[in-house]
Amino acid sequence: MRETAQPGDLLDWYDAHARDLPWRVSPADRSAGVRPDPYRIWLSEIMLQQTTVAAVKSYFERFTTLWPDVAALAAAEDADVMAEWAGLGYYARARNLLKCARAVVADHGGRFPQTRAGLQALPGIGPYTSAAISAIAYDLPETVVDGNVERVMARLHDLHTPLPEAKPALTALADALTPQTRPGDYAQAVMDLGATICTPRSPACGICPWRAPCAARAAGTMADLPRKSPKKPKPTRLGIAYVAQRDDGAILLETRPDKGLLGGMLGFPGSDWSETPEPDPPLEAEWQDLGEEARHTFTHFHLRLRIMVAQVGGNAAPRRGAFHPRHSYRPASLPTVMRKVHDLAHGRLREML
DNA sequence: CATACGTGGTT
DNA sequence: TAACCAAGTAT
């Protein structure tokens with residue numbers, strides 16, 4: 001009979017191989033008594049939701065430089081925070097980030113709650129993030145279950161039930177392994193293991209601290225786990241984006257409504273996005289078809305955006321949106337799909353960039 | 001329980 | 001090129 005997986009073996013591996021991350025307190029520093037800053041742990045966990053470490057790093061550095069603590073972030077302008085989040089995706093996270101920071105300041109005296117339930121009552125903090133902050137920031141024995149943990153548990157126990165059906169069972173398995181000692185380091189260790197050794201495609205079982213007790217390794221099924229329910233095909237939607245530039249170089253942009261796709265973000269005015277979009281120019285002008293489409297894929301559909309451009313006079317009065325002065329217009333503040341529109345259109349417009 | 005919600009890297 | 005994947009949450 002194989003021996004059962006031991007949290008201690010994973011912690012030993014973590015002590016030697018923990019990744020050095022901007023928001024992380026190393027296991028050595030942690031054992032010396034250094035405590036993580038809950039603000040930085042919270043911010044990193046929100047950014048890391050469905051997002052890779054590589055993509056998060058520069059955003060984390062920028063945010064913590066601009067807003068070093070929760071009070072500073074709570075006092076920030078919405079537009080500034082949304083602009084800094086541009087490109088990272090899942091923009092509801094940024095809207096909830098601000099709501100959460102302001103709630104922490106207004107309702108909790110500027111300190112994050114120190115219980116999982118208290119954390120989970122805040123905007124943008126769900127089951128995973130509440131457990132992660134509890135464990136990592138406060139060293140509470142909460143069980144984190146993210147995609148890494150699901151994969152590691154499914155393999156360790158050779159569980160073939162497909163996700164999301166398997167989620168409760170995987171959570172129970174993860175819960176049974178969570179140690180009372182060093183739960184914060186343990187939580188980070190399982191995720192590091194999933195991110196660097198027990199990877200989705202070709203896991204490095206040969207150097208895994210849990211190779212001996214791993215049931216999927218024994219059965220040779222590790223590359224097939226966890227199983228997942230088949231995904232739906234993505235439909236293609238069409239749309240029209242309008243890029244208007246005033247003679248002084250100002251660009252017409254609109255802030256999108258808070259609800260829905262790209263909510264709260266800046267973008268070029270446009271039609272609806274559907275199979276048969278209705279033209280809807282934001283002002284009267286001689287619109288010219290750029291002749292090139294911006295193509296972009298969202299989570300659940302492909303988009304092909306036709307681009308119309310126009311140069312307009314200084315007295316142009318848009319029905320929608322507002323002109324942004326040339327010197328305050330930053331394409332980097334646009335969500336990626338809109339930045340693609342910019343990239344395609346800017347060669348056509350004299351004063352852009 | 002299913003769906004909406006971004007993006008960039010990898011295979 | 002297209003599909004898959006990443007430290008999920010809200011509704």
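Convention: sequence-line order gives letters A, B, ...; per-chain numbering from 1. When reading the values below, keep in mind they use all heavy atoms of this one structure, side chains included, and skip hydrogens, waters and symmetry mates.
The residues A:R30 and A:D15 are annotated as not salt-bridged, no charged nitrogen and carboxylate oxygen being separated by less than 4.0 angstrom.
Here the P atom of nucleotide C:dA6 and the CZ atom of A:R19 are 13 Å apart, to the nearest Å. Counting to the nearest Å, the P atom of C:dA10 and the CD1 atom of A:I46 are 8 Å from each other. One atom, OH of A:Y59, and another, C1' of C:dA7, lie 17 Å apart when rounded to the nearest Å. As a whole-Å value, the separation of A:D224 CG from C:dC4 P is 14 Å. Going from atom CD of A:E45 over to atom P of C:dG8 covers 9 Å, rounded to whole Å. Here C:dA7 presents its P atom at 19 Å from CD1 of A:I125, a figure rounded to the nearest Å. Rounded to an integer number of Å, the gap from OH of A:Y128 to C1' of C:dG8 is 9 Å. Between the P atom of C:dA6 and the CE atom of A:M191 lies a distance of 14 Å, rounded to the nearest Å.
Between A:W23 and A:F60, the ring planes lie perpendicular to each other; the angle is over 60°, past the 30° to 60° tilted range. Relative orientation of the A:W210 and A:Y186 rings is tilted, given thresholds of 30° and 60° on the angle between their planes. Ring pair A:F298/A:F301 is tilted by interplanar angle, where 30° to 60° counts as tilted. Aromatic ring orientation, A:H342 versus A:Y329: tilted (interplanar angle from 30° to 60°).
Note on A:L21: a base of the nucleic acid sits closer than 4.0 angstrom, heavy atoms only. When heavy atoms are screened at a 4.0 angstrom cut-off, A:W23 is found touching base atoms of the nucleic acid.
The base of C:dA3 lies outside donor-acceptor range of the side chain of A:R201, with no N or O pair under 3.5 Å.
Between A:D146 and A:L122, the residue anchored closer to the 5' end of DNA chain C is A:D146, taking for each the nucleotide with the nearest heavy atom. If A:K228 and A:T129 are placed on DNA chain C by their nearest nucleotide, the residue sitting closer to the 5' end is A:K228.
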**Report entry** nucleotides 3-8 of chain B: protein proximity per nucleotide (B base, S sugar-phosphate only, - neither; heavy atom, under 4.0 Å)
**Finding:** SSBBBS
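Taking the P atom of each, C:dA7 and B:dA2 are spaced 22 Å apart, rounded to whole Å. Rounded to whole Å, the separation between the P atoms of C:dT11 and B:dG6 comes to 14 Å.
By the rule that hydrophobic residues join a cluster once side-chain heavy atoms approach within less than 4.5 Å of another member, A:M338 and A:Y90 end up as members of separate clusters.
One distance of note links CE of A:M82 with OG of A:S333; it measures 11.5 Å at 0.5 Å rounding.
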